[in-house]
Chemist: 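Could you have a look at this structure, given as structure tokens, before my questions?
Worth saying up front: this structure is predicted, and the values here are computed from it rather than measured.
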Amino acid sequence: MPVLRMSTLFLRTLREDPADAEVPSHRLMARGGYVRRAAPGIYSWLPLGKLVLDNVAAVIREEMGRIGAQEMLLPTLLPSEYYEATGRWTEYGDALFRLKDRKGADYALTPTHEELFTWLVKGEYSSYKDFPVVLYQIQEKFRDEARPRAGVLRGREFHMKDSYSFDIDDEGLQRSYDLHREAYVRIFERLGLSFVVVSAQSGAMGGSASEEFLAETPTGEDTFVRSTGSDYAANVEAVHTPAPPAGSVEGLPEAQVHRTPETPTIETLVDFFNAAGLGRTFTAADTLKNVLVKTREPGSADWEVMGVGVPGDREVDMKRLEAALHPAEVQLLDEADFEAHPFLVKGYVGPNALLANKLRYVVDPRVVEGTAWITGADKPDHHVMNLVCGRDFTPDGTVEAADVREGDPSPDGQGTLYTARGIEIGHIFQLGRKYTDAFELDALGADGKPKRVTMGSYGIGVSRVVAAVVEQCHDEKGVVWPREVAPADVHVVGTGKGEQIDVALRIAEELEQRGVRVLVDDRKGVSPGVKFTDAELLGVPTCLIVGKGLSEGRLELRDRASGEQEEIGLEEAVDRVASAVAAG
RNA sequence: CGGGGAGUAGCGCAGCUUGGUUAGCGCGCAUGCUUUGGGAGCAUGAGGCCGCGGGUUCGAAUCCCGCCUCCCCGACCA
């Protein structure tokens, strides 16, 4: 790479934040001249930005190469047929950029490439001996986001690495998936990111069928939970509630029905029982709240009503419930549904009306045998106390529907949970045969019979990764690039009106000969303050200053991350910088 | 789609309430002189469809009507 000279570099740093920039990565990438907005959610990458983007891509290429993946480049403009073949032309909805050619035929700007990759493999490969194969590309993707935001973090055009694995059996798919998972860990570690891997789905679908890589930052769009006592991390939807040990029902007090007028809420109910002189105090966690929903399996026209029991101190988290019941649709009951099921007394629904009427009743995992509850007595203004699970009612199973809270015990038994935010930078997914079925991609097996190929898809948001790195690696002065991502290894700054700039250029050339990537500030007539401030904003890891000490043969070596600075001799400068670069 | 805010020079903004010089300030840019270790000083200068369309008026950046766009929060989406 030639020496980058600030005197001619296409770069103008901004003294002020652009009015629309809110998050640190957006502000700093704009001020540092890395990107410029062209349209909502669409950005130009200026020279320094392009270098950074390429550095991220280079790391990805190396690690993809290590797992045997082969890079290709596919069209970004595709006729609708490809997406119609899999139903995504309609499924994708408004997020798909659509356009017509001069003949009126429908086209899309590609959002992902499952279809074309599958089609290509079908055209070239036909024997089990050809598999497995992993193909990928790094290119622009298009999604007409309802609300692009935060600069390149969520754009309508963005750079993505997408790879696809093709295997002839499930074991092969699992291997391809595991290889990607390992490659992703290496990639994000090399990029200097602090990240977690979370299961993207609930247990029902199988824990490893899909995982997200989240870069932890306060500005992230995705909420996840982690543990204070271990490295456990998961999407809220995937958190399993640890069940307390089941107890004996022997000797527990009899269930008693109480008239409880004017107790429409859990709070009023608890107050009522605490005022009833029963010799103990109750909390909302002693009550069992029964929420009624209806579910519909895909392809079915009929809704099934079911009851969901959760401790009264918790709300039903519809996202968690939906994930638990996936792929069924879930809705709350409306008035008409209550009218159709008169045995459901709104506000006073208890387990037994549900069970007696053969409706499915599932409960929170905390509701185990031997636990006693205050819950609805299935008639207006009445609740039942000491209704014991396993004695007075037996649920049809458990469900992860209750909300997850800070302080809840971690599912792995170590520590408690707290919520964190992250940016989704990678997603690995065992697709299975959705696309190979659509295109009838078969391989002839050893037994001479065709076998349907199974797929995985694996994405990394390359441009988003750049922003995620900035989110994690910056201070109040600017970016602090990890070396592998930085647009240069060293920023040589010449200050003064003497020979400093000439010397800076000479040192820059020598460093370049040694394989060091160099940005040199050779601007004339720019004051030292401006140059230092720009260097800090741009965030190159090592800074070498050729300034006022030059006449005595002294230069200054600064480390952007630590802020440490050291005087060094002119003669040793090249060696010192080279070794600083080599040390990372 | 719901809520909030904003469109004035490359960037950041004031002016609008109460219509009236030639539309202004800072940064940046150009030229000259001075300055050179933490966003320099002086002087001169270039740069504007005041988002678009219509209306009111002798006169509109400013008032009225309509439209468009953008930003932020949420919903949706991955």
Chemist: Nearest whole Å is fine: how far is B:rG39 P from A:Arg523 CZ?
Modeler: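 It is 15 Å, rounded to the nearest whole Å.
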Chemist: Counting Watson-Crick and G-U wobble pairs whose two distances are both under 3.5 Å, find the runs of 3 or more in a row that involve RNA chain B.
Modeler: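 B:1-7 with B:68-74, B:10-13 with B:24-27, B:29-34 with B:40-45, B:51-55 with B:63-67 - these are the stems of 3 or more pairs that involve RNA chain B.
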Chemist: Distance between the P atoms of B:rC70 and B:rG51, in whole angstroms?
Modeler: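 Going atom to atom, P in each nucleotide, I get 16 Å.
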Chemist: Find the distance A:Asp17:CG to B:rC72:P and express it as a whole number of Å.
Modeler: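 Rounded to whole Å, this separation is 14 Å.
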Chemist: Write down the distance between CG (A:Asp522) and P (B:rU36), rounded to a whole number of angstrom.
Modeler: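 Spelled out: CG on A:Asp522 to P on B:rU36 is 21 Å.
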Chemist: Using the salt bridge (Lys or Arg N to Asp or Glu O under 4.0 Å) definition, which of the options A:Glu212, A:Glu63, A:Glu211 pairs with A:Arg181?
Modeler: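 Testing each of A:Glu212, A:Glu63, A:Glu211 against A:Arg181, the sole residue satisfying salt bridge (Lys or Arg N to Asp or Glu O under 4.0 Å) is A:Glu211.
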Chemist: Take atom CD of A:Glu16 and atom C1' of B:rC25, then tell me their distance rounded to the nearest Å.
Modeler: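 So the CD-C1' distance, A:Glu16 to B:rC25, works out to 12 Å.
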Chemist: More than 12 heavy atoms of other residues, nucleotides or ligands under 6.0 Å from CZ of A:Arg98: is that the case?
Modeler: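 Atom CZ in A:Arg98 is packed in, count exceeds 12.
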Chemist: What is the separation between atom CG on A:Asp20 and atom P on B:rC72, rounded to the nearest whole Å?
Modeler: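 Going from CG in A:Asp20 over to P in B:rC72 covers 6 Å.
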Chemist: What is the separation between atom CZ on A:Arg12 and atom P on B:rG28, rounded to the nearest whole Å?
Modeler: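 Going from A:Arg12 (CZ) to B:rG28 (P), I get 11 Å.
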Chemist: Among B:rC13, B:rG28, B:rG37, which nucleotide sits nearest the side chain of A:Ala19?
Modeler: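 So the side chain of A:Ala19 is nearest to B:rC13.
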Chemist: Please check if the side chain of A:Tyr458 supplies one atom and the backbone of A:Ser165 the other of a donor-acceptor pair under 3.5 Å.
Modeler: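 No.
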Chemist: Checking A:Asp17 side chain against A:Arg27 main chain: does a donor-acceptor pair fall under 3.5 Å?
Modeler: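 Pair absent, no side-chain N/O of A:Asp17 close to backbone of A:Arg27.
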Chemist: Please work out if A:Arg554 contacts a base, only the sugar-phosphate, or nothing of the nucleic acid, heavy-atom cut-off 4.0 Å.
Modeler: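 Counting heavy atoms under 4.0 Å across all strands, no contact is made by A:Arg554.
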Chemist: Return the set of residues passing ring pair (Phe, Tyr, Trp, His ring centres under 6.0 Å) with A:Phe97 (not counting sequence neighbours), or none when no residue passes.
Modeler: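 For A:Phe97, no residue satisfies ring pair (Phe, Tyr, Trp, His ring centres under 6.0 Å) once neighbours in sequence are set aside.
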Chemist: Please assess A:Gln430 against A:Gln174 for the test side-chain hydrogen bond (donor to acceptor under 3.5 Å, both in side chains), listing each intermediate value before the final yes or no.
Modeler: CA-CA 8 Å; A:Gln430 295 189 21; A:Gln174 186 65 45; 3.0 Å; yes
Chemist: Tell me the interatomic distance from A:Arg31, atom CZ, to B:rG12, atom P, rounded to whole angstroms.
Modeler: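 The distance from CZ of A:Arg31 to P of B:rG12 comes to 13 Å, rounded to the nearest Å.
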Chemist: According to ring pair (Phe, Tyr, Trp, His ring centres under 6.0 Å), who are the partners of A:Tyr136, at least two apart in sequence or on a separate chain?
Modeler: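 Ring pair (Phe, Tyr, Trp, His ring centres under 6.0 Å) list for A:Tyr136, sorted by chain: empty.
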Chemist: Start at the 5' end of RNA chain B and walk down; is the nucleotide closest to A:Arg15 or to A:Ala150 reached first?
Modeler: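 It is A:Arg15 whose nearest nucleotide is closer to the 5' end.
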Chemist: Any ion pair linking A:Glu22 and A:Arg149 (charged N to carboxylate O, less than 4.0 Å)?
Modeler: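 Looking at A:Glu22 together with A:Arg149, the answer is no, because their closest N to O distance does not fall below 4.0 Å.
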Chemist: Mind listing the residues from residues 527-536 of chain A sitting with a heavy atom below 4.0 Å of RNA chain B? Number order is fine.
Modeler: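 By residue number: A:Ser527, A:Pro528, A:Gly529, A:Val530, A:Phe532, A:Thr533, A:Asp534, A:Glu536.
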Chemist: Where do A:Thr533 and A:Lys531 land on the side-chain hydrogen bond (donor to acceptor under 3.5 Å, both in side chains) test, with the steps shown first?
Modeler: CA-CA 5 Å; A:Thr533 311; A:Lys531 292 189 173 189; over 6 Å; no
Chemist: What's the verdict on side-chain hydrogen bond (donor to acceptor under 3.5 Å, both in side chains) for A:Asp167 and A:Thr454, showing C-alpha distance, side-chain angles and the deciding distance?
Modeler: CA-CA 5 Å; A:Asp167 283 276; A:Thr454 184; over 6 Å; no
Chemist: Tell me which residues in residues 488-506 of chain A put a heavy atom below 4.0 Å from RNA chain B, sorted by number, or none.
Modeler: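 RNA chain B contact set from residues 488-506 of chain A: A:Thr495, A:Gly496, A:Lys497.
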Chemist: Base, sugar-phosphate or nothing for A:Ala39? Non-hydrogen atoms, less than 4.0 Å.
Modeler: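 Nothing, no heavy atom under 4.0 Å.
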Chemist: Whether the A:Tyr164 and A:Asp162 side chains hold a donor-acceptor pair (N or O, under 3.5 Å, no angle test) is what I'd like checked.
Modeler: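 Yes, A:Asp162 and A:Tyr164 have a side-chain donor paired with an acceptor closer than 3.5 Å.
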Chemist: In whole angstroms, how far is the C1' atom of B:rC71 from the CD1 atom of A:Ile42?
Modeler: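 Distance check: A:Ile42 CD1 to B:rC71 C1' gives 16 Å.
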Chemist: A:Phe188 vs A:Tyr184 aromatic rings, parallel, tilted or perpendicular, using cut-offs 30° and 60°?
Modeler: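 Rings of A:Phe188 and A:Tyr184: perpendicular, over 60°.
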Chemist: Here's a test of your reading of the structure: between A:Lys477 and A:Pro18, which maps to the more 5' nucleotide of RNA chain B?
Modeler: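 The residue closer to the strand's 5' end, by nearest nucleotide, is A:Pro18.
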Chemist: List the protein contact pattern of nucleotides 73-78 of chain B with one symbol per nucleotide (5' to 3'): B for base contact, S for sugar-phosphate-only contact, - for none; contact means a heavy-atom distance under 4.0 Å.
Modeler: BBBBBB
Chemist: Does a side-chain N-to-carboxylate-O contact under 4.0 Å join A:Arg61 and A:Glu71?
Modeler: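 Yes.
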Chemist: Start with the C-alpha gap between A:Ser44 and A:Arg37, add the side-chain angles, then the distance that decides, and say whether side-chain hydrogen bond (donor to acceptor under 3.5 Å, both in side chains) holds.
Modeler: CA-CA 6 Å; A:Ser44 307; A:Arg37 198 185 82 113; over 6 Å; no
